[in-house]
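Read through the structure below, which is laid out as structure tokens, and then see the notes.
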Amino acid sequence: MDKSMIGDLDSLPEEDKLRMSTMIDQLQIRDSLRMYNSLVERCFTDCVDTFKHKSLQKQEETCVRRCAEKFLKHSMRVGMRFAELNQGAATQD
């Protein structure tokens, strides 16, 4: 984040800081729900073949587990890379 933006946020009245904090929290919740929904949809589509049984078959369960692990590892890796890039950009200012 640009250092001048941080300074600008500090100069806001408390009411506006609270409003901004609430807005950021809502955006983070929305993004988390989107990621979860994307994970469920993708893994379900890739792994569940039939609806003959009430519960997942062993093969489907294994596929869903692997799919979820890959998705989460990928998301964590992207997040770490994004943080590295942000940190590099902040040190260049």
Side-chain angles (χ1 to χ4, degrees):
M1 182 181 288
D2 187 358
K3 290 180 182 179
S4 65
M5 284 181 64
I6 293 172
D8 290 343
L9 291 177
D10 287 340
S11 66
L12 289 175
E14 286 302 317
E15 183 180 318
D16 290 342
K17 285 183 190 178
L18 182 60
R19 194 174 314 136
M20 289 294 290
S21 176
T22 301
M23 187 183 311
I24 289 169
D25 289 344
Q26 290 173 344
L27 290 171
Q28 288 175 334
I29 290 170
R30 185 194 69 192
D31 288 344
S32 294
L33 289 173
R34 279 186 181 165
M35 186 178 90
Y36 176 78
N37 287 336
S38 176
L39 167 68
V40 170
E41 183 177 345
R42 181 177 187 169
C43 293
F44 183 84
T45 301
D46 289 351
C47 298
V48 178
D49 300 321
T50 66
F51 294 97
K52 292 181 182 179
H53 304 280
K54 216 169 33 170
S55 58
L56 293 175
Q57 298 296 302
K58 182 69 174 165
Q59 181 181 3
E60 293 171 330
E61 189 175 329
T62 302
C63 179
V64 168
R65 186 176 295 114
R66 282 191 198 135
C67 177
E69 287 174 1
K70 284 181 182 180
F71 187 91
L72 293 173
K73 284 179 183 177
H74 171 75
S75 296
M76 286 177 18
R77 177 70 178 129
V78 168
M80 288 184 343
R81 183 68 177 133
F82 182 72
E84 290 170 4
L85 291 172
N86 267 348
Q87 187 177 21
T91 57
Q92 290 176 0
D93 289 342

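Looking at every heavy atom in both residues, Val64 comes nearest to Cys47 through N-SG, 3.5 Å. Listed here is the closest heavy atom pair of His53 and Gln57: CD2-NE2, 2.7 Å.
Through direct or relayed side-chain contacts under 4.5 Å between Ile, Leu, Val, Met, Phe, Trp and Tyr, Leu39 connects to Met35, Phe71, Leu72.
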Next on the checklist: Between Gln26 and Ile29, is the side chain to side chain contact (heavy atoms under 4.5 Å, CB included) condition met? List the steps.
Outcome noted: CA-CA 5 Å; Gln26 290 173 344; Ile29 290 170; 5.7 Å; no
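Note: Asp46 CG to Arg66 CZ = 13.0 Å, rounded to the nearest 0.5 Å. To the nearest 0.5 Å, the span separating CG on Leu85 from CZ on Arg81 amounts to 4.0 Å. Rounded to the nearest 0.5 angstrom, Leu18 CG and Met23 CE are separated by 11.0 Å. With values rounded to the nearest 0.5 angstrom, Ser21 atom OG is found 12.0 Å from Asp16 atom CG. Expressed to the nearest 0.5 Å, how far OG of Ser38 lies from CZ of Arg34 amounts to 11.0 Å. Interatomic distance, Lys73 NZ to Ser75 OG, rounded to the nearest 0.5 Å: 12.5 Å.
No more than 12 heavy atoms of other residues, nucleotides or ligands sit less than 6.0 Å from atom CD of Gln59. By the neighbour-count criterion of 12 heavy atoms within 6.0 Å, atom NZ of Lys70 is sparsely surrounded, having that number or fewer from other residues, nucleotides or ligands.
At a threshold of 4.0 Å, the pair Glu15-Arg19 counts as salt-bridged, since one of the basic side-chain nitrogens sits closer than that to a carboxylate oxygen. Looking at Lys17 and Glu14, a side-chain N of the basic residue comes within less than 4.0 Å of a carboxylate O on the acidic one, giving a salt bridge. Comment: Glu61 does not engage Lys58 in a salt bridge, judged by the lack of any side-chain N to carboxylate O separation of less than 4.0 angstrom.
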